[in-house]
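Count residues from 1 along the sequence.
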Amino acid sequence: MHSLWSRAAQAQSSCRCRICLHSGRSIARRSTTAASRRKVTAADLFTACYTTILGTATVIDAHRKESRTKELDEKLEKARAALNNLSVQEPTGQQGGQSNQPEAGTTNFSRNCSHEPRKTGPGSSNAPGALLQELSALYGITPRPLPRQSWSQNQLEWAQVESAIATEQQDPSYTLREPRSDQQLQRTTNTVIELVNRLIWQIHSCESTQRQDSTGKNADATGTDDIWKELRDVLQSSHYPSYRHPSIEADEAARTRSILGESIRRIFNQGANPKDTVAKICYNVLTSSAPPSIFTYNTLIAGFNRIQRPDLAQTVIDSYINDTAWPATQQTIVCLLNHYRGTNQLDGIRHTIQRMRGVKDTGLFFRIVDKNVIYSQDWLEWADKNCASRKYAYVQRAPRSDDVFNSIVKGWLYCGEVGNACTALIACLRNGGFVAVQTLQELFTACLSTADSAAARRLVKGFAKNIRNFAIMVNKIIHEESTTTSRHVVMSVSHLLDVSFLPSKDIFASFIRTHGQRLQQLKSYIDKSCIEVEIRDTANLCTAMLKGISSGDSLNTRVEGAISILDSAQQSRQNTTTTFNNLGALARLVPIHGRYQDLEARIKITTALVNASILKIKTGWDFDPLSLLGSERPRGLHKQQQYDSLYHALQNVQIRPGPMTLGDVKLQFLRRLPDPMLGKRFEDAKYITIRSLMSFYIPNTLTCCKPENRVHTESILQLERQLADIEEMTRAMLFASLSGDRQRWLRVSYPNWYETPLEKLFEYLMRRTLHKASAATDTQQTDATESCDQENPAARSIEEATLMVRGADGPNGIVPRRPATSHADIEKGLHSEWSITNLRSPSPSVLRDGDAHLSVAALGSYLT
C-alpha cells in the first residue's frame, strides 16, 4: 500500500503545482504515520479520485503496451526470417556448372536450369518482377494483379446487378427495338428456340457438380424428370412459342415481360441444381405470350454467373451478339464486362470495349448512319461527337454511366492492365463520372505496389487537366466516406505525385512547361485535402471521446473505452502511414534497380564490342560482320538468337597479351561452353566452326530432357545412362562432320541442341560423303581420259571425226562432245544385286543432274 501511494504521489507531483505537492506529500506521510484528526479538504478528495483514475489507466495501458510490443516483435521476427530466406536464395542460381569452371571472368549457364532470378543483359529474365515479389513479401504488400473475388463477393456483386436490371426495366426512358412485321417476329421466335436448344445442349454436355447432394439428387429425380418431360412436350408442340406483337399491346407486353423477369429471378434464388434451373427457365420463356427482350437476356447473364455457370451465361451472350439486333442497355454492358472479368478473358473485355466505341463490327446495335445521307451541319456535328467514323458509315457509340466506367476499370485492373485501367478512370473523370471508392483504392494501390511510374504519370496528367472534376470527386469522398478511406485516397494521390517524377524529374519536363500551373494547383489541393481529413478525424475523435466519457457506465469502463478509442485511431493512422511509406520505398527502389540493370547491360555490350574489335585486329577475322552489337536488340526471333549468342560468346573470351590466332579463340569457346560435357565432345572435332560454337551461347536453350522416373533396377538405369551418353556423343560427332553452312542451318532450325534429330544429321552426313565420292570419281575419270588422249593423239582425232560425221544431224551439223561419266552408273551399280566389276559409259539420255543427291534410304544396305 505504501508503494502504491508513493507512485501516485510521484505521478501527481510531476506538475509541481501547490495542490499536487501538498496532497502527494500529505498522503505519503500519512501512509507511514498515525492518522491525524485533521479534516478532509476538497483538494484531498479530488486528489484521491484523480489518483484512482490514473492508477487504473496506468494498469490498463501497461497491458496494452505489452501486447503491442509482442505484436511488433513477431513482425520483426517475420521480417528477419524473410531477409534470411532472401540471403539463402541469392546464391542458388549460381550453383550450376561449378564442377568444371573455366578461367576467371567467365559466365556459365546451367544446362538443367531454364530460369535464373537475377540475370541481366539481352535475353534476361524479368528481374524487376522478381525484385517486386521480394520487396512485396518483405513489406507485406498484396501482389498484383488482384486474385479472383471470393464466392460471397461474387454473389453480392451479381445480386446488385440483378437489382439494377429490375430497376432499369421499369425505366420508361428506354425504348426497345420491337419486331414490326410477322417476318421479324418469326425471326425473334427462331432466335429464342435456338437459344433454348443451345442451353439444353450445354447443360447436358457439361453438367456441373456444384450444389448437388447425392441424397437430394435421388429424392428429386422424379421432379426433375417431370420438369424435363413438360419442357420436351412444349418443344415438340406446334403451339409454343406463340408470341404476340409487343408493339400492338405495349402495356400487356411490358407487364408479361416484368412477370417473366421476376419468375426467372425467383428460379435463380431457389438454389436448385443447374439442370432444373435451365429446364424451368426455358419452359417459362417458351410459354410466355410476349417475346423476351434485352432485359430478359440481362437477367439470364447475371443469374447464370451468380450460380457460377459462366458457360451458360456465355451461351446467352453469343445469342445476343450473333442473333439479335437489340441496343444494349447500361446493365447489358455491365453484365458483359463483369462476365469476362470473372472468367479472366482479356480478349472478351477488349472486344466489348471496342464494340462500345463503335470501332468493331456493328457496335452494340445502336444507330448506324450512312455517310451519304448526312445533309445538314447539325447532323454532322452529332455524328462527329457521338459516333465512330467507319469507311462508309457512322456507328453510334454506347453511352457510359458510372456503373459502366466502374466495370471497365475493374475489368482492366483484375486482368493486370493497370495502364488501361488508369486511362478508363481519366475518361470517366473527363465525362464527369464517378467510380466506386473501393475501385479507386484498388487502382491507386496497384499503381504504387507495381511501381508503375508510367501509369502514375497518366493519372497525374489526367487529374491536372481535369482538376475541377477531380476536386468534386475527392470532396465527395471526404464528406461521404469514413476518415480512414478518405485518408487512404488522399495519401494515395499524394504518393502518386511523387512516383510520377521517377526515375528523374526531367521525364515530366514537357508536361510542366505546358500544364505547370494546373500541376501546382493539384499539389495545393492535395495538401489542403490532407489537412481537411486530419481535421475531420480529430473532430470525430473528440466527439467519440466526449460521448464515451459522458456515458452512464462505470468509471473504469469509460476510461477503458476512451483509451481504446485513442489507441484505435492512432493504430489506424500508423498502419496507413506505414503502408504508404513502404509503397514509397518500393517505388523508389524499383527505378533505381532498373537503371542499374540498364547500365550493367550497356557495360556488358560495350565489353563485347571491345573484345570483337580487339580480336579482329589480332586474328583478322570479323566476329560481328552484320554489326548487330552496335545497334538495338532486333525483334525477329532469328536475329535475337544471333544477337544473344554473339553477345554472350564475346563476353566469355579472355583477351591475352601478345598475338592470338583463330585456333586460340576456338579453344576458348570450346572450353567455356555453357555445357562443359558438350565442350569435351567437340574438342576432337576438326570441322566445327567458330560460328557454330558461338550459337551454343544462347541462354536457356541447352535444356536436356531428363528420363522419366520409372521403377527399374540399377543395372537398367545404368544402361539407360550409357545409351544416352552414346547418343549425345554420336550427335556431336555427326554435327562436327558437317559443313559450316549446314551446321549454322541446323543451329537456327533447332536452337535447343538436345532436340536436334539424329536422322537429320545422318542424312546430311551421307549426302556430304556421297557428294565428295562422286566428285572424286569424276576427277579421276577426267584425269584418265586426258592422259590417254595425250598418249595417242591420232586415235583422239579419228574418234572425234567419227563422232562428228555420225552425229551431224542437227541444224548446224555439229555434235557436242560426249560428257564425262556422271552419277547414273554409280547409282545403278549401288542398286544392283551383283558385284560391280565395270562401269559402262552412259548415254546422254540417262545422265543425272550433277547437283542431284542420291536417296539415303536406298543406299542403307550398302553402307556397311
Side-chain angles (χ1 to χ4, degrees), residues 168-169 171-195 243 245-248 250 253-254 257 290-298 301 316-337 339-340 347-401 403-405 407-408 411 420 423-424 427-428 430-433:
E168 188 180 58
Q169 189 172 2
D171 190 356
S173 61
Y174 282 99
T175 303
L176 299 178
R177 187 174 294 171
E178 304 286 8
R180 298 181 180 179
S181 62
D182 294 340
Q183 183 180 3
Q184 293 180 356
L185 183 61
Q186 184 61 37
R187 192 180 305 161
T188 303
T189 303
N190 295 336
T191 299
V192 174
I193 295 175
E194 182 66 22
L195 173 61
Y243 299 131
H245 278 281
S247 57
I248 298 176
R257 286 169 171 170
S293 64
I294 185 62
F295 302 114
T296 310
Y297 272 58
N298 296 345
I301 297 172
V316 181
I317 292 173
D318 294 339
S319 175
Y320 167 68
I321 295 295
N322 301 323
D323 301 333
T324 68
W326 301 331
T329 65
Q330 296 299 293
Q331 293 306 315
T332 305
I333 303 174
V334 170
C335 288
L336 294 176
L337 294 171
H339 165 77
Y340 289 123
D347 292 338
I349 294 176
R350 185 177 289 111
H351 178 84
T352 303
I353 293 176
Q354 289 175 350
R355 279 184 170 272
M356 288 173 54
R357 295 169 51 204
V359 297
K360 187 175 184 63
D361 298 335
T362 56
L364 287 177
F365 309 113
F366 292 96
R367 185 179 300 180
I368 300 177
V369 182
D370 190 356
K371 289 185 176 181
N372 296 326
V373 301
I374 296 179
Y375 53 85
S376 65
Q377 185 66 25
D378 296 339
W379 202 353
L380 182 61
E381 292 178 357
W382 174 87
D384 292 337
K385 181 179 179 181
N386 301 302
C387 300
S389 178
R390 305 286 286 274
K391 188 173 182 180
Y392 299 108
Y394 287 103
V395 180
Q396 186 178 357
R397 303 186 187 96
R400 295 169 290 181
S401 62
D403 292 338
V404 172
F405 276 117
S407 297
I408 293 174
N420 291 334
T423 303
C428 174
R430 185 170 54 248
N431 293 337

Evaluation steps, side chain to side chain contact (heavy atoms under 4.5 Å, CB included), between R397 and M356: CA-CA 6 Å; R397 303 186 187 96; M356 288 173 54; over 6 Å; no
Partners passing side-chain contact (heavy atoms from CB on, under 4.5 Å) against E178 (at least two apart in sequence or in another chain): L176, P246, R257
Heavy-atom side-chain proximity of T332 to C335 below 4.5 angstrom: no
Side chains of D323 and T191, donor plus acceptor under 3.5 Å: no
F366 and C387, any side-chain heavy atoms less than 4.5 Å apart: no
SG-CD1 distance between C428 and I408, expressed to the nearest 0.5 angstrom: 9.0 Å
Partners passing side-chain contact (heavy atoms from CB on, under 4.5 Å) against D347 (at least two apart in sequence or in another chain): R350
Value rounded to 0.5 Å, distance of CD1 in I317 from CG in L336: 5.0 Å
Inter-residue atom distance H339.NE2 - I301.CD1, 0.5 Å rounding: 8.0 Å
Atom of G411, atom of I349 and distance for their closest heavy-atom approach: O-CD1, 3.6 Å
Heavy-atom pair of closest approach, residues A388 and V359: CB-CG1, 4.2 Å
Non-neighbouring partners of Q184 that pass side chain to side chain donor-acceptor pair (under 3.5 Å), sequence neighbours left out: none
Q186 and N190: side chain donor to acceptor below 3.5 Å: yes
Heavy-atom side-chain contact between Y394 and I374 under 4.5 Å: yes
Contacts of R177 that satisfy side-chain contact (heavy atoms from CB on, under 4.5 Å) - sequence neighbours left out: A325, P327, F365
side-chain contact (heavy atoms from CB on, under 4.5 Å) partners for D171, two or more places apart: S173, Y174
Side chain to side chain contact (heavy atoms under 4.5 Å, CB included) between V316 and L195, intermediate numbers included: CA-CA 7 Å; V316 181; L195 173 61; 4.3 Å; yes
Atom of L185, atom of P179 and distance for their closest heavy-atom approach: N-CB, 3.7 Å
T329: which of L364, V334, N298 passes side-chain contact (heavy atoms from CB on, under 4.5 Å): N298
Taking every non-hydrogen atom, the tightest pair across Y297 and P292: CE1-CB, 4.4 Å
I353 vs L337 side-chain heavy atoms within contact, under 4.5 Å: yes
Pairs satisfying salt bridge (charged side-chain N to carboxylate O under 4.0 Å, His left out), at least one member in residues 355-380, at least two apart: R355-D361
Verdict with reasoning, Y392 to N372, per side chain to side chain contact (heavy atoms under 4.5 Å, CB included): CA-CA 8 Å; Y392 299 108; N372 296 326; over 6 Å; no
Check: W326 main-chain N/O paired with Y320 side-chain donor or acceptor under 3.5 Å: yes
Flag, side chain of Q330 to backbone of P399, donor-acceptor distance under 3.5 Å: yes
Over 12 non-hydrogen atoms of neighbours within 6.0 angstrom of CD in E381: yes
CD-OG distance between E194 and S319, expressed to the nearest 0.5 angstrom: 8.0 Å
